[in-house]
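Data block below; observations after.
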Amino acid sequence: MIQLLFALFIGLAIGSFLNVLIVRIPKGENVAFPPSHCPVCDNPLKWWHNVPLLSWVLLRGRCAYCRHPISRLYPTVELITGMLFSVLAMKLGLTAEWFVTSLIFSLLLALSVIDFEYYAVPDSLNFTALALALAMPIFIFGEDWITGTLRDFSFYRNMLVEGFENAAIVAAVFFALGLFVRFLIKKEALGEADIVIAGTMGAMLGFPLVLIAIYVAALLALLPALFARGHMVPFVPFLALGTWIVYIFSDPILKWWNLLYA
Ligand SMILES: [Zn+2]
């Protein structure tokens, strides 16, 4: 219980930082400077205006100076990130794998919101997620080394090689799929950003889970795509959601898969 609360607080804090990334990166602003300020009246925020979730509720969703409404997006992103960190803590415990996996899903969340709002995905966040996913065995090695529970070195090496292989295969498949769809409908369907996210998914999930995640993402995107009729539907949020669902339910899904195909 205390572990889940700890995970929740870390997640809320990271979520607060995600909001900064979501607001500033698409505009090409520096993420560290200037300090947080109201976008309308420009007054710098005091720390008690900046407590995740709580400040938004206490200020009743308005700026403390000019009373201009503050978007519901901020507390929503904080809440989702907090829940993401605690749900993953239930699955992984408070380990290095937990923290890095939570960071990757946080980045996928930020990418989803930015894709939804701007129809664009910043490379900086996208490649950071991929790098974290590929480097996972190194973080696990570091933790094992610190806690004195090192396994045979081949364990980490195989994991590292497998991650790179899976990322490359899934990214290549997405690239080919993009070419094929463009040939069919004469329109850009899968962007560069989707290919990078596909690589992240491959490294995180491996086979066959990554295929199921892509399938789930496509299914989830189908309905909005039908309703959008010609409007662009951002695909990144669905890829992120598919990855999340399959990652959380990986054990039952693999059990079911093995029953069917093994
Ligand atoms: Zn203001």
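Reckoned from all heavy atoms, side chains included, excluding hydrogens, waters and symmetry mates. Start at 1 and go down the list; that is how both ligands and their atoms are numbered.
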*Test ring pair (Phe, Tyr, Trp, His ring centres under 6.0 Å) applied to Tyr74 - qualifying residues, sequence neighbours left out*: none
*Is any side-chain heavy atom of Phe105 less than 4.5 Å from a side-chain heavy atom of Met204?*
yes
*Show your reasoning for whether side-chain hydrogen bond (donor to acceptor under 3.5 Å, both in side chains) applies to Lys91 and Ser250.*
CA-CA 10 Å; Lys91 187 178 167 79; Ser250 61; 2.9 Å; yes
*Quick one: sort the Phe141 and Phe153 rings into parallel, tilted or perpendicular, breaks at 30° and 60°.*
perpendicular
_Test side chain to side chain contact (heavy atoms under 4.5 Å, CB included) applied to Val87 and Trp244, step by step_ = CA-CA 11 Å; Val87 171; Trp244 171 255; 3.9 Å; yes
*Report the protein N/O/S neighbours of the Zn ion (ligand 1) that fall below 2.8 Å; do not count waters.*
Cys38 SG, Cys41 SG, Cys63 SG, Cys66 SG
*What do the steps show when you test Ile214 against Val170 for side chain to side chain contact (heavy atoms under 4.5 Å, CB included), and what is the final call?*
CA-CA 10 Å; Ile214 292 170; Val170 181; 4.0 Å; yes
